[in-house]
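Here is how names work: the chains are called A, B, and so on, in the same order as the sequence lines, proteins then strands, and each is numbered from 1.
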There are 2 protein chains.
Amino acid sequence: MVSVGDGVARWRRVADEIRSAITDGTIVEMLPPEVDLAQRFGVNRHTVRRAKAALADDGLLRAERGRGTFVNAVPKRLVYSVGTRTRFSENMLRQSLEPSGRLIRSEQVAADRDKAELLKTKIGAPLHRLEKLSVADGMPLSRSICYFSVERFPAIIESYAETGSITQALRMCGVHDYRRGETRLTAERASVRDIELLNCAADAIMLISSALDIDLDGKPIQAIRTKFLADRMELVFGGS
Amino acid sequence: MVSVGDGVARWRRVADEIRSAITDGTIVEMLPPEVDLAQRFGVNRHTVRRAKAALADDGLLRAERGRGTFVNAVPKRLVYSVGTRTRFSENMLRQSLEPSGRLIRSEQVAADRDKAELLKTKIGAPLHRLEKLSVADGMPLSRSICYFSVERFPAIIESYAETGSITQALRMCGVHDYRRGETRLTAERASVRDIELLNCAADAIMLISSALDIDLDGKPIQAIRTKFLADRMELVFGGS
DNA sequence: GCCTATTTGTTCGTATGTATC
DNA sequence: AGATACATACGAACAAATAGG
């Protein structure tokens with residue numbers, strides 16, 4: 001066990017290791033006794049206790065005096081299927097969840113080099129920049145920033161604000177179907193703004209997807225950058 | 001800026017925010033002065049300095065007294081293209097990087113329920129469990145755990161140890177082509193073992209891919225779980 | 001050269017959090 | 001439950017290098 005002066009407390013490290021062991025099924029029902037854990041991680045028993053307290057706080061554990069520590073029901077990650085036809089609403093409904101979107105902020109910006117290339121507009125062309133929050137069953141799951149050509153979709157913001165769904169907003173703008181182009185994926189620690197918008201833990205991890213949606217003729221529709229809460233989501237590509 | 005008693009030091013958070021700003025292009029050439037950063041993050045200047053020291057240690061920054069702090073050449077994230085034909089070596093060579101694989105550990109295990117289902121073997125059937133490290137230009141990028149049916153690929157371990165490439169090892173076992181089935185993605189904090197094997201920051205983030213490779217007849221070849229260093233990699237699906 | 005503003009580098013002290021025994 | 005050592009965080013300085021007029 002390492003961790004001295006690297007900015008991450010040992011108890012936090014231990015808590016994360018235990019959490020992983022629980023979510024990936026290594027620890028199923030009951031936690032090993034504190035002394036065993038302390039030895040395995042090479043830390044003091046107090047440190048293990050601190051870690052367990054943090055996990056119990058999150059509702060993952062339940063300690064019973066004299067009996068041991070039990071693992072509570074683990075909330076499975078929601079599955080988001082990314083195919084050529086990717087729709088947030090459909091993905092959530094399939095899992096019996098009530099989807100909704102909330103408009104955080106919208107503005108017009110000028111296309112920079114990257115966005116102009118993606119959306120095939122001129123550099124400096126006006127774009128709608130739409131920042132939204134996606135929620136399922138009242139739980140914030142992700143936050144996205146979408147860019148649309150103002151010229152092509154003048155009224156998309158109003159339509160989205162009305163319906164709370166990009167798919168429906170696009171339909172109102174005459175786009176009845178579209179598909180997913182390329183998707184780029186990486187991950188980062190949640191920023192301060194992520195934490196306040198998504199109402200998540202301070203050390204949450206965001207799965208970041210940058211994608212381009214195109215219509216059936218291959219013309220670009222929107223460039224989207226979405227930050228998913230990695231704790232609550234799993235993205236699936238290909239297969240089925 | 002928050003963070004008190006949550007197990008992650010403030011300087012570490014500040015360092016991460018600055019690192020993000022650098023990698024996503026918000027900060028280009030020069031860092032704002034320490035007092036400005038301190039105010040923006042709501043911390044003491046010492047805390048900013050500690051964060052900068054950590055980043056300078058990683059070679060991202062270069063501070064010059066009286067002049068300011070400069071951003072070194074930004075190491076762009078390497079792109080890993082995940083298509084139906086996904087090969088680590090080809091992906092790296094395309095970016096003029098010298099790929100290599102290192103065998104960490106191999107053993108035989110019995111198939112549990114999940115793996116048996118994926119690999120279409122009986123529960124309890126013997127599997128090769130192959131743990132490896134993938135490196136490009138001397139920099140560790142990811143670590144994988146692969147499962148192969150022992151019955152179907154008796155000598156895969158030796159072949160991999162010899163060649164350092166799964167593709168080549170499979171060829172020696174009579175599989176000349178294979179493709180990627182489903183890929184499931186999520187992200188987690190690096191475990192202690194990740195940190196020591198990949199030689200990365202204490203609070204690094206791992207992009208986790210769980211996938212199944214199948215041969216051209218649709219028969220399963222290997223189940224792979226790969227943990228990519230999110231700082232150094234970007235996964236691309238679809239498009240091109 | 002001189003002065004000044006800016007920016008990084010350093011040194012005190014003090015309080016709190018972390019980790020062990 | 002204390003006692004101890006070390007890491008973290010803040011505050012208030014001051015020193016040293018740089019840039020501009």
Specify the separation, in whole Å, of atom [atom1] of [X] and atom [atom2] of [N].
| X | N | atom1 | atom2 | result |
| --- | --- | --- | --- | --- |
| B:Arg45 | D:dC10 | CZ | P | 13 Å |
| A:Arg12 | D:dT8 | CZ | P | 15 Å |
| A:Asn44 | C:dT18 | CG | C1' | 11 Å |
| B:Glu34 | D:dG11 | CD | P | 16 Å |
| B:Leu37 | C:dT6 | CG | C1' | 14 Å |
| B:Arg13 | C:dG17 | CZ | P | 16 Å |
| B:Arg50 | C:dT8 | CZ | P | 18 Å |
| A:Arg49 | C:dC21 | CZ | P | 17 Å |

Heavy-atom protein contacts under 4.0 Å, nucleotides 15-21 of chain D, coded B base, S sugar-phosphate only, - none: -BBBS--
For [X] versus [Y], what's the shortest heavy-atom pair and its separation?
| X | Y | answer |
| --- | --- | --- |
| B:Arg143 | B:Ser191 | NH2-OG, 4.1 Å |
| A:Arg10 | A:Gly42 | NH1-O, 4.3 Å |
| B:Tyr160 | B:Leu133 | OH-O, 4.4 Å |

So, OP1 or OP2 of [N]: does either fall under 4.0 Å of a side-chain N or O from [X]?
| X | N | value |
| --- | --- | --- |
| B:Thr69 | C:dT7 | no |
| B:Lys52 | C:dG9 | no |
| B:Thr47 | D:dT8 | no |

Position toward the 5' end of DNA chain C (nearest nucleotide), B:His46 or B:Pro33: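 Its nearest nucleotide lies further toward 5', so the answer is B:Pro33.
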Along DNA chain C (nearest heavy atom to each residue), the more 5'-positioned of A:Trp11 and B:Glu64: B:Glu64
A:Tyr80 and A:Phe228 aromatic ring geometry - parallel, tilted or perpendicular at 30°/60° bounds: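 A:Phe228 and A:Tyr80: perpendicular rings.
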With a 3.5 Å cut-off and sequence neighbours excluded, list the donor-acceptor pairs that the side chains of residues 60-69 of chain A form with protein atoms.
unit_1  : atom_1 : unit_2  : atom_2 : d
A:Arg62 : NE     : A:Asn72 : OD1    : 2.8
A:Arg62 : NH1    : A:Glu64 : OE2    : 3.2
A:Arg62 : NH2    : A:Asn72 : OD1    : 3.2
A:Glu64 : OE1    : A:Arg67 : NE     : 2.9
A:Glu64 : OE1    : A:Arg67 : NH2    : 3.2
A:Thr69 : OG1    : A:Lys52 : NZ     : 2.8

Modelled atom types, side-chain donor and acceptor of A:Ser20 and B:Glu188, under 3.5 Å: yes
Atom CZ of B:Arg193 with >12 non-hydrogen neighbours under 6.0 angstrom: yes
